[in-house]
Structures are given as C-alpha cells and as structure tokens.
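Note on naming: letters A, B, ... go to the chains in the order of the sequence lines (proteins, then strands), and numbering restarts at 1 for each one.
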2 protein chains.
Amino acid sequence: MTPARISKPAAQRRDDILDAAQRLFTTKGVQATSVEDILQDVGIAKGTLYYHFRSKDEILQGIITRTTERVAVKARQVADRPDPVITRFLGVLAAMRVDAPELALAETLHGPGNAEFHVLSIVEMVRAITPILAEVVEQGVAEGSFSTEHPQDMVEILLTSMGMLLDDGIFRGEADQIPRRTAALISAAETLLGCRPGALATAAHDMRIAGATGGAR
Amino acid sequence: MTPARISKPAAQRRDDILDAAQRLFTTKGVQATSVEDILQDVGIAKGTLYYHFRSKDEILQGIITRTTERVAVKARQVADRPDPVITRFLGVLAAMRVDAPELALAETLHGPGNAEFHVLSIVEMVRAITPILAEVVEQGVAEGSFSTEHPQDMVEILLTSMGMLLDDGIFRGEADQIPRRTAALISAAETLLGCRPGALATAAHDMRIAGATGGAR
DNA sequence: CCATACCGACCGACGGTCGGTCGGTGGCGG
DNA sequence: CCGCCACCGACCGACCGTCGGTCGGTATGG
C-alpha cells in the first residue's frame, strides 16, 4: 500500500525540488507558496526537503543562482560569437529575458515576498552579466562603433535600470509602460555608450526585440 | 495596578505604530520583526494594532507611503526654489537621501524581507520624484543647460538605477562600491541629460555631495 | 553493513481574529 | 444646571490555524 520509497541521487532530487519550487513561486508568489505545497508537488516528505535544503529561503536562493548561471552561460556564448558588436550586445540582453521567462511570468497578484524574488534575480543578473556585456562594449569602443570612457559603469547602470523598469513584478500595474520603457532604455543605451543614434533601435527592430521601434515617449 | 488604558486619536496612534515599526524594521529587518515586537514597543495590545491596520504588510506600506510623501514635499520645495537648474537638480536628488536616512540605515544582516522593503521604497520614490525632477530638467533644456529629447524617460532611468545601485541593502556587501557608483551615476546623468561634461560633478562637489569628485572608475 | 536518502509526527512562533471592555461625549429628562 | 444614560471609537488579550523547521527513526543500494 505504501507507495514504495524511491531514492534518487541528491543532485537530481535537488533539481526536482528547484523545478517545483520555481513553478510554484512564479505562479502564486514566494510568500504564498508553502513548503507543504512544494512537498506535494515533488511528491516527497518534509524531512527529505530539509535534507537537501537548509531553509525555504535557501531554495529561493538556489533557483536564482541556477537561473543566473544558465543565463550567464548563454550570454557568454552570444558574446563570443563572431557577429557584429551591436548584434552581440543586443543578443546578450535578449539572452537575459529569453532564458528566464519563468522568472518574469505570472503572479500578477498581491505583493509580499515577490518583489524580493525579482530584485534578488536582478541583482544577481547584474553581477553576472555586467562583466560579459562590458567586454562586448569595450570591443565596440576599440573598433569605433561605441564610445564611452566607462564601459563597465555604464553597462551596470543600464542593466540595473533595465532589470527594474521592464519587470512588471516590480513596477506593479505598469505593464503597459514596458514598450515605452524599452524604447527609452535603448535610446539611453545609445547615448551612454556613444553609438550612432538609432543604431541600436534599428538593430533591435531587425532582431525582433519587443517594443524597440521608435523613439522614446 | 493595571496601567490605565490610554486612548488617543486614531491618526496619532497610527503614527506611533508607524514610528515604532519603522525603527524596528530598519533595525532588525522586516521579516525578523514580529508584530509582537511592535506591540511591545508602542505599548498597545494586538487588537489595537489590528484596529488601525489590516495587516503587517499594510504597516510596511504605510511607512513607505509616509516617507515618500515627506520626500516629495521636500523635493517640490527644492525644485521650486529660484536657484540655478543644476543646483535644483542635485538638490532634489539630495532630498531623497537626506530625508530618508531611516530607510537606508542599518540592518546589514541577513536578507529575507528586507530587499522587499528597499525595493518598494525605491519604486515609490521613482514614481513620486520622476515628474518633479523631469520638470527641472525640462526647464534646463529650455534655458540650454540641458539637452535631451526625453527628459521624463531619462530621469526615470537615472532615478531607478540610482536607487538600486546606491542602496547597500540591495547590493549586499558592496557598500565600498558606492563612491564609484555615485561618480558613475553623475557621469551618466551628464551624458543622458546632455549637459556640459563635468558640470554636475563639480556642482555636486561644491554642494558636498558624497563621492562626487572624479570621473568614474 | 554502513552511508545516503528518505519519512512524517511533532513543535513553537507567528500573523491574524474575535468577543468583549472601557472611557469620554452629547443629548435629554428632571 | 445637573445628572443619567445611550452610544461609539479606541482598546484589550485569549485564542486559532498555519507555517517553517526539527528529530528520531527507517528503507535502499553499493
């Protein structure tokens, strides 16, 4: 009658838990997801979960770390491709959003505990992606398509504001502003990185990156 | 022996609760502060707190709203002063940090629930201050000291990244980066708003705004 | 046979609720 | 002008359900 205890290698079980938790966290919010919920979804007992993770918070941290690592790998690949600098620049940005749709999706509802999730993700993303993207910009500066004295700093500023302003889990109820903000951020990037005005916007449009057609406002 | 029940007008009691909660939240973190703690600090019973607030979360929201309103008032005053545009621009930024030291201070410790607090503050600040600051920039554009086609958008981007990058409750353990980031943000502001390079930096230095001396990096 | 993975009853703390109490105030009859 | 009383906003604290986390013990498989 007992459903037969199944044992798995720790790494795999860890991933199972992370998968379930990620789905639930993004679906109904971190606070609103109980450990019990995760247990039921994975099909394990409480003790098992706490055998693999020290706390609920560590699970959240685990999701963010895992996702960030995946994105960083993809970003690195894109950054190292033999494409034009502008293509690679936009490609890295795309890698951030494309690979993490799970993080950006759903949970339009109530707040507590969710902004936390989003902001931690953003911070980790900025930390991980800034050096990669700055490298691309530096190459752009070297070849003349970009022009700035502080690539790393400007990239950091751009990534931070991008992460915040395009996340509707943070600026609640302003999802309709996202196209405007996307255009504004591209415009800001052009200015800050000193590339030909409109160069990023048109390239973004060609790459079919959302809301990247016109001027801001 | 019973300490005699003291009754106050609701508004005042509300403020008392907000005061205590703000002190505790910033001291030991939102999550780590129990409702019980607040009760003890204010010297009231649980029912009383829940007579004035619907939930712990509403208290947090109340603190943020109150602080934002105060800052907005001060920012408005500064923006309307008969000073040079650049002075007023920096003055508004200063108003944000000066008037909200309670929000930025302390609680270097453990994470959960605190980033939430900070990020909500930042979002509200951006919402409240953007129009005020954009107005100043527009005046600057009109008189020629600034030059940008999208004042509102650029201000929004600047405020967002400022809020994030200068808050050590968000980028944990990077407090030492703040001077560098301050300089970078000023530099970015100069570029985005199209004012004379170094104009903001020197003015900031004259106004004794922290870490605003040299170029970025 | 021993480490590793797993189980689930149990615990204490916490956020939130609820029935009820207290003190001041305004109206009204005397 | 006084005293009574109905009313009401503010206040109280015992109580409850839920939740994150613990622990002693058990199955599995190398």
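Between D:dG9 and B:H52, no contact under 4.0 Å exists linking OP1 or OP2 to a side-chain N or O. Side-chain nitrogen and oxygen atoms of A:Y50 include none within less than 4.0 Å of the OP1 or OP2 phosphate oxygen of D:dT22. Contact between the side-chain N/O atoms of B:R13 and the OP1/OP2 oxygens of D:dC11 is found at a separation under 4.0 Å. The shortest distance between the side-chain N/O atoms of B:Y51 and the OP1/OP2 oxygens of D:dA10 is below 4.0 Å.
Between A:E58 atom CD and D:dG20 atom C1' the separation is 14 Å, expressed in whole Å. Counting to the nearest Å, the C1' atom of D:dC15 and the CD atom of B:E36 are 12 Å from each other. For the pair A:I17 CD1 and D:dG21 P, the computed distance is 14 Å after rounding to whole Å. In this structure, the CG atom of A:L39 is 12 Å from the C1' atom of D:dG21, given to the nearest Å. Protein atom CD of B:Q31 is 11 Å distant from nucleotide atom C1' of C:dG15, rounded to whole Å. What separates CG of B:D57 from C1' of C:dG16 is a distance of 13 Å, to the nearest Å. The separation between B:L49 atom CG and D:dG13 atom P is 14 Å, rounded to whole Å. For the pair B:L24 CG and C:dG15 P, the computed distance is 12 Å after rounding to whole Å.
To the nearest 0.5 angstrom, B:I63 atom CD1 is 8.0 Å from B:T26 atom OG1.
Take B:Q139 and apply the side chain to side chain donor-acceptor pair (under 3.5 Å) test, not counting sequence neighbours, and it matches B:R88. Applying the side chain to side chain donor-acceptor pair (under 3.5 Å) criterion to B:R181, with sequence neighbours excluded, gives A:E156, B:E174. With sequence neighbours left out, the side chain to side chain donor-acceptor pair (under 3.5 Å) criterion links B:E69 to no other residue. Listed by chain and residue number, A:D37 satisfy the side chain to side chain donor-acceptor pair (under 3.5 Å) test with A:S34 (two or more places apart in sequence, or in another chain).
Applying a 4.0 Å cut-off to non-hydrogen atoms, the residues of residues 40-48 of chain A that approach DNA chain D are A:K46, A:G47, listed by residue number.
Formation of a donor-acceptor pair under 3.5 Å by the A:T48 side chain with backbone atoms of A:I44 is not found in this model. Without hydrogens or angle criteria, B:E58 side chain to B:F53 main chain gives no donor-acceptor distance under 3.5 Å. A donor-acceptor contact shorter than 3.5 Å links the side chain of B:S161 to the backbone of B:L158. A side-chain donor-acceptor contact under 3.5 Å links A:T33 to the backbone of A:L24.
Nearest-nucleotide positions on DNA chain C place A:A10 closer to the 5' end than the other of A:A10 and B:S55.
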Distances for protein N/O vs nucleotides 25-30 of chain D N/O pairs under 3.5 angstrom?
{"from": "D:dT26", "atom 1": "O2", "to": "A:R5", "atom 2": "NH1", "distance (Å)": "2.8"}

